[in-house]
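In the text below, chain A, chain B and the rest are named by the order of the sequence lines, each starting its count at 1. Predicted model, so just to flag it, every value in this text is computed and none were measured.
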There are 2 protein chains.
Amino acid sequence: MAESDRIAAKTKFLDFLEEKNLRITAQRRAIVDTVFGTDQHFTAEQLLEWAKEKDSSVSRATVYRTLPLLTESGLVHEMDFGKDYKIYDPNYADHPNHNHIICDDCDKIVEFESDRLDQLEDEISTGLGFKVKTQQLRINASCEEMKRLGECKNKGN
Amino acid sequence: MAESDRIAAKTKFLDFLEEKNLRITAQRRAIVDTVFGTDQHFTAEQLLEWAKEKDSSVSRATVYRTLPLLTESGLVHEMDFGKDYKIYDPNYADHPNHNHIICDDCDKIVEFESDRLDQLEDEISTGLGFKVKTQQLRINASCEEMKRLGECKNKGN
DNA sequence: TTGACAATGATACTGAGTCTCAATATCTTC
DNA sequence: GAAGATATTGAGACTCAGTATCATTGTCAA
């Protein structure tokens, strides 16, 4: 994410708070700076850890309270890969329809977009009488190609 | 699921146990009878409750130990709709590639299959150098059509 | 029947996420 | 810039799905 995009995302979030009559606090600033200061996917616990480095007063409760605001604002995307924690993606504002492949062996995540896929999903949902709210294609795989290239640091077996 | 399919699924699972040198116990029989005695999707806790009705000696631990065997055998499919519990689908042996739409309002789940979708997913994954293990398209939606028909017992708002 | 060991139940434990509540910070109004 | 209404906070208790432990029991091949 370019520096300008980061600032834009931050500004959008502060605007979002204002629109909802929510207050801009030091803790929220630290959290938002953290989220839009990285390109990486992260977990709630990671975000807590990183945000604490910026402002040690940030607590677990505040992180968990702020995450729904970030997803509601459309700037961060919440993902579920069947692990017992959720993964958050801060690159969502720019690419609102991208999907993910996760390597079960090394947890590597690759993002991709496909207009054909989006179109097909909409077609199917509408045909079944549903109004789509969110859709997530999750592909669990093993990165054969990367294994060959030595990029997949196979954890298990 | 027709009676014959239920018996076939049960038999397949008992064969699966035998192949892996696992033992056929009264508790496993009760669990398997329960799973293939319904068409419904269920949670681990529901399965525990139902199986206990057949054999009160079935414990939570055994249910949680048996579920991975059922999914590994390919007869039951584990799904994750972003809730804090997993949902299991006993109709998987017959329709190994079906996907799901869940209504966020009333929790109604509708299954669907699409060859075009499967094909497209494979194409994309292969193109990215991954060998697909499992793929799950999850669509969270609201069942507009059903709301109109009064079938969606809207829980929230 | 026996014996190796797979499987069991009870229960303690884990860990992500939620809730509570008294104390504090923000923001608006004057 | 004080005051007051109230949104927000941190600490820690709590929830709850799922896992681990371990002594006891059940299965099944020999």
Side-chain angles (χ1 to χ4, degrees), chain A residues 13-35 41-73 76 78-88 107 156, chain B residues 13-35 41-73 76 78-88 107 156:
Chain A
F13 186 66
L14 298 183
D15 288 350
F16 172 83
L17 290 179
E18 212 176 335
E19 272 168 38
K20 300 203 73 172
N21 285 314
L22 299 175
R23 292 174 182 170
I24 295 164
T25 64
Q27 291 85 350
R28 281 181 179 158
R29 274 188 198 283
I31 290 170
V32 170
D33 282 353
T34 305
V35 166
H41 299 134
F42 56 86
T43 65
E45 293 297 320
Q46 278 174 327
L47 176 54
L48 170 61
E49 200 181 313
W50 295 342
K52 269 188 159 167
E53 286 168 19
K54 284 192 194 285
D55 180 342
S56 63
S57 79
V58 172
S59 72
R60 170 171 287 105
T62 297
V63 166
Y64 277 104
R65 279 189 283 238
T66 305
L67 278 169
L69 296 174
L70 284 161
T71 55
E72 202 190 330
S73 73
V76 170
E78 181 186 283
M79 300 181 298
D80 198 318
F81 289 107
K83 317 266 175 187
D84 59 356
Y85 48 82
K86 288 174 180 163
I87 292 174
Y88 295 88
D107 288 347
Chain B
F13 186 66
L14 299 183
D15 288 352
F16 172 83
L17 291 179
E18 211 177 335
E19 272 167 37
K20 301 205 72 172
N21 285 317
L22 300 175
R23 293 174 182 169
I24 295 165
T25 64
Q27 291 84 353
R28 280 180 179 162
R29 275 187 196 281
I31 290 170
V32 170
D33 282 353
T34 305
V35 166
H41 300 134
F42 55 85
T43 66
E45 293 297 320
Q46 279 174 326
L47 176 55
L48 170 61
E49 199 181 312
W50 296 342
K52 269 187 159 168
E53 285 168 18
K54 284 190 194 287
D55 181 341
S56 63
S57 79
V58 172
S59 73
R60 168 171 289 103
T62 297
V63 166
Y64 277 104
R65 279 189 285 238
T66 305
L67 277 168
L69 297 173
L70 284 161
T71 56
E72 202 190 328
S73 73
V76 170
E78 183 185 283
M79 302 179 298
D80 198 320
F81 290 105
K83 317 267 173 184
D84 59 356
Y85 48 83
K86 287 174 180 162
I87 292 175
Y88 295 88
D107 289 347

Measure from [atom1] on [X] to [atom2] on [N] and round the result to the nearest Å.
X: A:K83; N: C:dG17; atom1: NZ; atom2: P; answer: 14 Å
X: A:L47; N: C:dA16; atom1: CG; atom2: P; answer: 14 Å
X: A:D80; N: C:dA16; atom1: CG; atom2: P; answer: 14 Å
X: A:L17; N: D:dT6; atom1: CG; atom2: P; answer: 20 Å
X: A:M79; N: C:dA16; atom1: CE; atom2: C1'; answer: 17 Å
X: A:L14; N: C:dC27; atom1: CG; atom2: C1'; answer: 15 Å
X: A:K20; N: D:dT6; atom1: NZ; atom2: P; answer: 19 Å

Name all residues meeting the side chain to side chain donor-acceptor pair (under 3.5 Å) criterion together with A:D33; count only those two or more places apart in sequence or in a different chain, and write none if there are none.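 By the side chain to side chain donor-acceptor pair (under 3.5 Å) rule, A:D33 matches A:K10.
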Excluding sequence neighbours, so at least two apart, what forms side chain to side chain contact (heavy atoms under 4.5 Å, CB included) with [X]?
X: B:D55; value: B:A26, B:A30, B:S57, B:V58
X: B:K52; value: B:L48
X: A:F16; value: A:F13, A:K20, A:L69, A:E72, A:S73

Between protein and nucleotides 17-30 of chain D, map the contacts as a letter string: B base, S sugar-phosphate only, - none, heavy atoms under 4.0 Å, written 5' to 3'. SSBBB----BBS--
By the salt bridge (Lys or Arg N to Asp or Glu O under 4.0 Å) test, which pairs, at least two apart or in different chains, include something from residues 58-68 of chain B?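 Pairs touching residues 58-68 of chain B that pass the test: B:E45-B:R60.
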Donor-acceptor under 3.5 Å (A:R28 side chain, A:R23 main chain):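 Between the backbone of A:R23 and the side chain of A:R28 there is a qualifying donor-acceptor contact (under 3.5 Å).
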